[in-house]
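This report refers to the structure that appears directly beneath it.
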Amino acid sequence: FAASAPITPGQWSQVAVAADGKIVTLYVNGKQAAVGPASLPALNSPTAIGGEVAGAAGASGFIGVIDEVRLSKVARSAAQIEADYAGEAADSKLVQYGADEKQSGFGFGYFGIIVKSVTIDAWVVIAILGLMAVTSWYVMWTKTAYVNTVDSANDAFLHLLRDTGGDPLKLDPESDPRITRKMHNSSLFRLYRAASEEIRRRTSTGRRLALKAEAIEVIRALMDATLVRENQKLARSMVVLTIAISGGPFLGLLGTVVGVMITFAAIAAAGDVNINAIAPGISAALLATVTGLAVAIPALFGYNYILLRNKNVSANMIVFIDEFVTRAAEMHGGVGGHAPIAE
């Protein structure tokens with residue numbers, strides 16, 4: 001008997017013959033191709049596959065490649081033959097490998113689903129927040145390094161000044177070799193230089209003039225002006241951290257609200273309320289809020305730490321001014337203000 005459809009040349013094919021009693025069924029690629037009355041040989045003698053058929057005119061034998069041959073004493077059912085083909089074919093669908101349930105990396109897993117669902121507007125907000133984060137981290141780094149430098153230099157200068165007894169004229173800010181390069185970073189040294197230069201301006205060569213109360217107030221005013229400028233240096237760029245603290249969460253919330261609006265608008269346009277369609281959009285929108293909090297929280301901690309260090313440095317400067325002015329009035333003060341006093 002002849003098959004209902006020929007085998008396609010140049011492609012892998014499965015051919016199966018099942019004999020059940022006096023009925024023989026031919027299967028091609030898992031599908032029944034022909035059926036008819038016939039019987040198979042007993043297969044109790046040497047068997048050749050693909051050779052020429054004896055007595056057939058023009059027979060040339062099998063031309064091609066045989067991948068596998070199976071012989072069974074039990075007739076296989078149509079379902080079993082179809083299952084065999086489904087498991088062996090090039091486009092087999094009997095066994096399939098899906099994506100791993102849990103993968104590593106930024107673009108995989110649950111977080112990868114969220115990232116893939118982020119809309120353009122949310123990416124814009126996240127990019128702005130990322131810029132704010134980098135800027136705030138840079139400010140925290142530079143401000144912490146600056147206040148550490150100032151604090152260390154203040155300690156070194158105070159140690160030197162106490163060794164001189166606190167006399168404002170015992171150290172020359174410009175030429176004294178005991179004043180190291182490190183001390184020039186001290187805010188207390190800059191306060192001392194502003195005051196000592198004013199006191200030296202009021203002295204004459206080889207003689208020392210008494211400072212009356214008005215002169216002491218002038219010196220205090222000069223030191224207070226220097227104190228203001230030093231506090232401005234300490235507070236410089238701190239506004240960046242306050243913007244990150246207060247503005248980061250609000251920008252993140254803006255991105256979340258816009259993302260939720262777009263998600264619900266897309267659902268309304270599609271007319272299909274499906275949790276699988278809502279969940280990725282909502283989770284992606286919430287990513288903007290998470291990013292805003294990720295910007296604000298480190299900035300909040302850094303701001304409070306730097307602010308406390310700045311307050312400590314400022315308090316030390318205020319104490320130094322009071323101590324310096326008191327010592328100057330004690331050592332160089334006098335009635336009449338301009339009466340010469342012998343060295």
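All residue numbers in this chain count up from 1 along the given sequence.
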Path from Val147 to Leu241 over hydrophobic side-chain contacts below 4.5 Å: no
Atom pair CG/CG of Leu227 and Asn231 - distance to nearest 0.5 Å: 4.5 Å
Verify same cluster id: Val325, Phe157 (apolar side-chain graph, 4.5 Å): yes
Side chain to side chain, Glu68 and Arg70, heavy atoms closer than 4.5 Å: yes
Lys143 (side chain) donor-acceptor with Leu234 (main chain) under 3.5 angstrom: yes
Minimum heavy-atom distance between Ile245 and Ala296, given as atom pair plus value: O-CB, 3.7 Å
Same apolar cluster: Leu293 and Phe301, side chain cutoff 4.5 Å: yes
Backbone of Lys311 reached by a side-chain donor or acceptor of Ser314 within 3.5 Å: no
Ser186 and Asn154 side chains, donor-acceptor separation under 3.5 Å: yes
Check: Asn312 main-chain N/O paired with Asn316 side-chain donor or acceptor under 3.5 Å: yes
Under 3.5 Å donor-acceptor, Thr256 side chain and Thr289 backbone: yes
Gap separating the CG atom of Leu191 from the CZ atom of Phe320, nearest 0.5 angstrom: 6.5 Å
Step-by-step side chain to side chain contact (heavy atoms under 4.5 Å, CB included) determination, Met132 to Leu251: CA-CA 11 Å; Met132 291 177 59; Leu251 277 176; 3.5 Å; yes
Residue pair Gln14 / Val28, side-chain heavy-atom distance below 4.5 Å: no
Minimum side-chain heavy-atom gap Arg309-Val313 below 4.5 Å: no
Hphob cluster co-occupancy, Val134 + Ile128, side-chain heavy atoms under 4.5 angstrom: no
Salt-bridge present (Asp163, Arg178; N to O < 4.0 Å): no
Heavy-atom side-chain proximity of Lys233 to Tyr146 below 4.5 angstrom: yes
Contact check, side chains of Val218 and Glu198, non-hydrogen atoms, under 4.5 Å: yes
Any donor-acceptor N/O pair, Ser196 side chain to Arg193 backbone, under 3.5 Å: yes
Under 3.5 Å donor-acceptor, Arg190 side chain and His184 backbone: yes
ILVMFWY network linking Leu188 to Ile321, side-chain heavy atoms under 4.5 angstrom: yes
Minimum-distance pair of heavy atoms, taken over all atoms of Thr226 and Ala194: OG1-CB, 3.5 Å
Any donor-acceptor pair under 3.5 Å from Ser152 side chain to Asn148 backbone: no
CG on Leu131 to CD1 on Ile126, rounded to 0.5 Å: 14.0 Å
